[in-house]
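Report on the following structure.
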Number of protein chains: 2
Amino acid sequence: MTNKPTPRPGGRSARIQAAVHQAVRDLQQEQGRAGLTVPAIATRADVTPSTIYRRWGDLAQLLADVAVEQLQPEQPPADTGSVRSDLLAWLVEYFEEMSSAPGRAMLRDVLGTEGHTSAGKCDGFLRQQIEVINERGLARGEQPMDIGRVTQIVVAPLMYRILFANETPTAQAIEALFEQLVSSADA
Amino acid sequence: MTNKPTPRPGGRSARIQAAVHQAVRDLQQEQGRAGLTVPAIATRADVTPSTIYRRWGDLAQLLADVAVEQLQPEQPPADTGSVRSDLLAWLVEYFEEMSSAPGRAMLRDVLGTEGHTSAGKCDGFLRQQIEVINERGLARGEQPMDIGRVTQIVVAPLMYRILFANETPTAQAIEALFEQLVSSADA
DNA sequence: ATCACTAAGGCAAAATATTTGCGTTAGTGG
DNA sequence: CCACTAACGCAAATATTTTGCCTTAGTGAT
């Protein structure tokens, strides 16, 4: 919904979407989730509420849409010289963001809506970032990391802790899981 | 919120909570999420909407409350003779439930609300069930399974697939992860 | 038992939010 | 430049949530 699956993405639609998304982010930061209401967002974005209801259906879907957009990586992972160090550095940063209050809020918004599309995109972004690291490594003659194993051994347990145990993984904890990943890869 | 943290759990409170929970389950089944609105629930439960708003705050929190209650195990895991077979059988059943449409809806409700309490309880239930299996095994002289490793190696990856990849784990996939668990335990 | 006490519920009015019908605006394609 | 129509604005109609005030019914003391 962020790009152009819309039949008519011409200027206006895009402008309004941008204004609404911006309004959501602004209000979210200024006031917490309270005061984050469709009419308030509409006013801030200089749009009528009905526009929002017609385009997004309801608040939950709008928030999910915005969350997905914010989850979308803006930059490729830092190039630190090797696949392993790139991946570890990226994972630490990623889970630091996901554990933060705004990160948790985004996860809630994304996981709380019916369409699996939003959550699916998160997984897509993650794979995409790892893919970039792998391709860079490949160009250096390194062995790529199996993405499925990265999510199974490192990502999934960390996500579980954030979501179900309300923990905030330390860098140390991430490194420990990462160690399991690379040691089982070497075998 | 299900038992008695309320200062005054005497008959009425409990009765109303039961009626409201029941109404939610009924309406949820009869009509999907649509038509699952606070006034509708109130009518069905023979209660005024304001009662619901005052006690639960909003629909999301009520749904999370009901979901947690439904996630609570009603029976101890089946006794199949050994810790391993008990655990595997229970995991297969558990994830079958979680992958189903109602299961996914419950997960959404639980993960979509702010208080980490709901999600935390899910993890608690899970640990509790495994604990029962372990204790039974202990009485037979068996080695208990480390609960942390069960969630890390088996539960978390499966949950990740359900939530982020919209997959429905097959019994085979569960067995494969279980195999990793026991083989790494033997080492 | 009876009674004073108060948490929790009912009711109804007020405030908000959501939906909808219909006219208008502004990209799109010819 | 014009016809076409998706998407928006506006405002009236609905539906929902919130609130003040009153009533009901557990609770604990006598």
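Residue numbers start from 1 in every chain, and the chains themselves are labelled A, B, ... in the order their sequence lines are given, proteins ahead of strands.
Counting all heavy atoms, side chain and backbone alike, B:Gln70 lies closest to B:Arg25 at NE2-CD, 3.5 Å. Contact detail for B:Ala45 and B:Ala23: the closest heavy-atom pair is CB-CB, 3.8 Å. For the pair A:Leu71 and A:Cys122, the tightest heavy-atom approach, listed with the atom from each and the gap, is CD2-SG, 3.4 Å. Taking all atoms of both residues into account, the shortest heavy-atom contact from B:Ile162 to B:Pro169 is CG1-CD, 3.8 Å. Listed here is the closest heavy atom pair of A:Gly81 and A:Asp86: N-OD1, 3.6 Å. The heavy-atom pair separating B:Met159 from B:Tyr94 by the smallest distance is CE-OH, 4.3 Å.
In terms of position on DNA chain C, the residue among A:Gly57 and B:Thr48 whose nearest nucleotide sits closer to the 5' end is B:Thr48.
A donor-acceptor contact under 3.5 Å links the side chain of A:Arg12 to the base of D:dA7. With hydrogens and angles ignored, a donor-acceptor pair under 3.5 angstrom links the side chain of B:Arg54 to the base of C:dG10. For a distance-only test at 3.5 Å, the side chain of A:Ser13 fails to qualify as a donor-acceptor partner of the base of D:dC8. Under 3.5 Å, the side chain of A:Ser50 and the base of D:dC10 form at least one donor-acceptor pair of N or O atoms.
Of all the residues in residues 31-41 of chain A, A:Thr37, A:Val38, A:Pro39 reach under 4.0 Å from DNA chain C with at least one non-hydrogen atom.
Atom pair A:Gln61:CD and C:dT19:P shows a separation of 11 Å (rounding to whole Å applied). When rounded to the nearest whole Å, the span between CD1 of B:Ile52 and P of C:dA8 equals 16 Å. In this entry the distance linking OH of B:Tyr53 with P of C:dA14 reads 19 Å, nearest Å. In this structure, B:Ile16 places its CD1 atom 10 Å from P of D:dA25, rounding to the nearest Å. Atom pair B:Asp58:CG and D:dT18:P shows a separation of 8 Å (rounding to whole Å applied).
Side-chain proximity of A:Arg15 to the nucleotides D:dG26, D:dC8, C:dG27 is greatest for C:dG27.
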Using the rule given for side chain to side chain donor-acceptor pair (under 3.5 Å), can you reason through B:Arg104 versus B:Asn166, listing the C-alpha separation, both sets of side-chain angles and the distance that settles it, and then say yes or no? CA-CA 10 Å; B:Arg104 285 169 189 273; B:Asn166 199 40; 3.2 Å; yes
